[in-house]
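Atoms considered below: every heavy atom in the structure, side chains included; atoms not considered: hydrogens, waters and symmetry mates.
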Amino acid sequence: MKVHVKLKDSDYLKFSEYQLTHSKQGKRTILLQRITLPLISAAMIIGFIAFHASTKALIIEIITLTIASVIWVIGVPEMLKSNIRRDFYKKKKSGRLPYNEASVLDFGEDGITEISGSYSEVTPYSSINTLAKSNDRLYVFTDGDKGFVIPFNDAAKNGRKVARLLSEKTGLTVEE
């Protein structure tokens, strides 16, 4: 089965954001970012206590650092997504798109062959570790930070077939 895929900037950005919030590596990054400021804040409070800061200064520091830490913990995912978007637009402005705008995905017996112009790469089914579906896209995550986005708006007639085929070939279920 061959599927012609035409990606837009929004497809690539959604893939990157989805990967950040759902992959092991992305979840680890978010967790590490979330605990950084609270740990630094705790160290600063311990430092203030060790240097015998006044009670008033200590209370102000605790309140300020607690508020900052809560805001930080809540805002980290959105901050990281913003960084992804900023880096993407920098690359695009310099003329280097991090994805192929148009390609053909050939689902063969051994793997997925991505054909884009004179470029061709085979991804074995065994390297696929996650299949996820949103309302209008199928995300196929492979080892590391690579993968495929199959927009259903471009491949609507094949979207369900592709999901079923990949599920059979990999033994994975498609996450919603």
In the single-linkage hydrophobic clustering (I, L, V, M, F, W, Y; side-chain heavy atoms under 4.5 Å), do I49 and I60 co-cluster?
no

Donor-acceptor contact below 3.5 Å, side chain S82 vs main chain E78:
no

Across all chains, not counting sequence neighbours, the salt bridge (charged side-chain N to carboxylate O under 4.0 Å, His left out) partners of K92 are D9

With a 6.0 Å cut-off (strictly less than), is the heavy-atom count around NZ of K14, excluding the residue itself, greater than 12?
no

Might you point out which heavy atoms bring V5 and V149 nearest each other, and give the distance in Å?
CG1-O, 3.7 Å

Contact list for residues 24-40, test salt bridge (Lys or Arg N to Asp or Glu O under 4.0 Å), sequence neighbours left out:
none

Count I, L, V, M, F, W, Y as connected when their side-chain heavy atoms are under 4.5 Å apart, and connections chain through other members. Are M44 and L58 then in the same cluster?
yes

To the closest 0.5 Å, what do you measure between OG (S16) and NZ (K81)?
11.5 Å

If we only count heavy atoms from C-beta on, is the T130 to L172 side-chain gap below 4.5 Å?
no

With a 4.5 Å cut-off on side-chain heavy atoms, are V162 and V140 touching?
no

Answer yes or no: is there a side-chain heavy-atom contact under 4.5 Å between W72 and V76?
yes

Restricting to non-hydrogen atoms, name the atom on Y99 and the atom on K8 that form the minimum distance, rounded to 0.1 Å.
OH-C, 3.4 Å

How long is the gap from CD1 on I45 to CD1 on I40, to the nearest 0.5 Å?
12.5 Å

Okay, side chain of S167, backbone of A163: is any donor-acceptor separation there less than 3.5 Å?
no

Could you tell me whether the side chain of S94 and the main chain of K91 form a donor-acceptor pair under 3.5 Å?
yes

Rounded distance [0.5 Å steps], CD in E17 versus OH in Y12
11.0 Å

Quick one, T113 and S120 - any side-chain contact, counting heavy atoms below 4.5 Å?
yes

Judged by modelled atom types alone, do T142 and T123 share a side-chain donor-acceptor pair under 3.5 Å?
no

Quick one: closest heavy-atom pair of F15 and F148, and the distance?
CE1-O, 3.8 Å

Is there a side-chain contact between L166 and F107, using heavy atoms and a 4.5 Å cut-off?
yes

If every non-hydrogen atom of Y125 is compared with every non-hydrogen atom of T170, which pair is closest and at what distance?
O-CG2, 3.6 Å

Smallest separation among heavy atoms of V73 and P38, with atom names
CG2-CG, 3.9 Å

What pair of heavy atoms forms the shortest contact from I30 to L20, and how long is it?
CD1-O, 3.7 Å

Side chain of S116, backbone of Y119: donor and acceptor closer than 3.5 Å?
no

Which residue pairs satisfy the salt bridge (Lys or Arg N to Asp or Glu O under 4.0 Å) criterion with at least one member in residues 99-119, sequence neighbours excluded?
E109-K169

For F141 and Y18, take the angle between the two ring planes, folded into 0 to 90°, and tell me which bin it lands in: parallel under 30, tilted 30 to 60, perpendicular over 60.
parallel

Could you tell me if the side chain of R137 sits less than 4.5 Å from the side chain of S10, heavy atoms only?
yes

